[in-house]
Amino acid sequence: MAALRRSISRFISHSNAKNGAAQLVLSRGITSKLFVKGLSFSTTEKLLTDAFSQFGKVVEVKVIRNKDGTRSKGYGYVTFSAIDEAQNALIDMNGKLLDGRIIYVDSVRPSGVYDTPKVRGPSKSEADG
DNA sequence: GTTGAGCGTT
């Protein structure tokens, strides 16, 4: 049983978010988090949540704004509690009209969430030798 | 100064 858990944890991991909401990460590049662009500048987190909740449990929503927090940059992130929820939302919401704009949904770009070890350059002793 | 490609925080 421990072996089973070990093999599973090789493929499923959780990224830590501020509110403790975990982003599901399955294997390589498949996550429960979505990248949403083309948002109206008036689209808020609440509106995003309302629109995406029909596909599952939304655990985190973020609209990226400028420094002052005044102007939306027109894109954001939606994280679901499960990967299949995110997949369905992507398929269904991509190209849909939201708040008067056609929005585009994509999987989130890979970032250091994977279990791939970081590549190091040669150590100083190696470089000198 | 208000405009339209894009991957940010904690």
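Note on naming: letters A, B, ... go to the chains in the order of the sequence lines (proteins, then strands), and numbering restarts at 1 for each one. Given the structure is predicted, the values throughout are model-derived calculations rather than measurements.
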| Sub-6.0 Å ring centroid separation between Phe35(A) and Tyr77(A) |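 Yes, the ring centres sit under 6.0 Å apart.
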| With nearest nucleotides of DNA chain B determined for Gly74(A) and Phe35(A) from heavy-atom distances, which residue corresponds to the more 5′ nucleotide? |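 The answer here is Gly74(A).
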| On DNA chain B, nearest-nucleotide positions of Arg101(A) versus Arg65(A): which is more 5'? |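 Closest to the 5' end, via its nearest nucleotide, is Arg101(A).
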| request: For Leu39(A), report the nucleic acid contact type (base, sugar-phosphate, nothing); a contact means any heavy atom under 4.0 Å. | output: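 Leu39(A): base contact, heavy atoms under 4.0 Å.
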| For Gly38(A), which contact category applies under a 4.0 Å heavy-atom criterion: base, sugar-phosphate, or nothing? |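 The answer is base, as Gly38(A) lies within the cut-off (heavy atoms under 4.0 Å) of a base atom.
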| Positive for side chain to side chain contact (heavy atoms under 4.5 Å, CB included) with Val105(A), one of Ile91(A), Leu98(A), Asn94(A) |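 Only one option passes, and that is Asn94(A).
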| request: Round to the nearest Å and state the distance from Asp106(A) atom CG to dC7(B) atom C1'. | output: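 That distance rounds to 10 Å.
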| message | Without decimals, in angstroms, what is the distance between Asn66(A) CG and dT3(B) P? | response |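 Going from CG in Asn66(A) over to P in dT3(B) covers 14 Å.
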| said: Is there aromatic stacking of Phe41(A) on dT3(B) here, judged by a ring-centre distance under 5.5 Å and a plane angle under 30°? | reply: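 Phe41(A) vs dT3(B): stacking yes.
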| query | Do Tyr75(A) and the base of dG6(B) stack face to face, with centres under 5.5 Å apart and an angle between planes under 30°? | reply |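 Per 5.5 Å and 30° rule: no stacking.
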| Should Arg71(A) be listed as having a side-chain N or O under 4.0 Å from OP1 or OP2 of dT3(B)? |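 For dT3(B), OP1/OP2 do not have a side-chain N/O of Arg71(A) under 4.0 Å.
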| Are the side chain of Ser32(A) and the backbone N or O of Phe80(A) linked by a donor-acceptor pair below 3.5 Å? |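 The answer is yes, because a donor-acceptor pair under 3.5 Å joins these two groups.
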| request: Given side chain to side chain contact (heavy atoms under 4.5 Å, CB included), test Asp99(A) with Ser42(A) step by step and report yes or no. | output: CA-CA 8 Å; Asp99(A) 202 9; Ser42(A) 66; 2.8 Å; yes
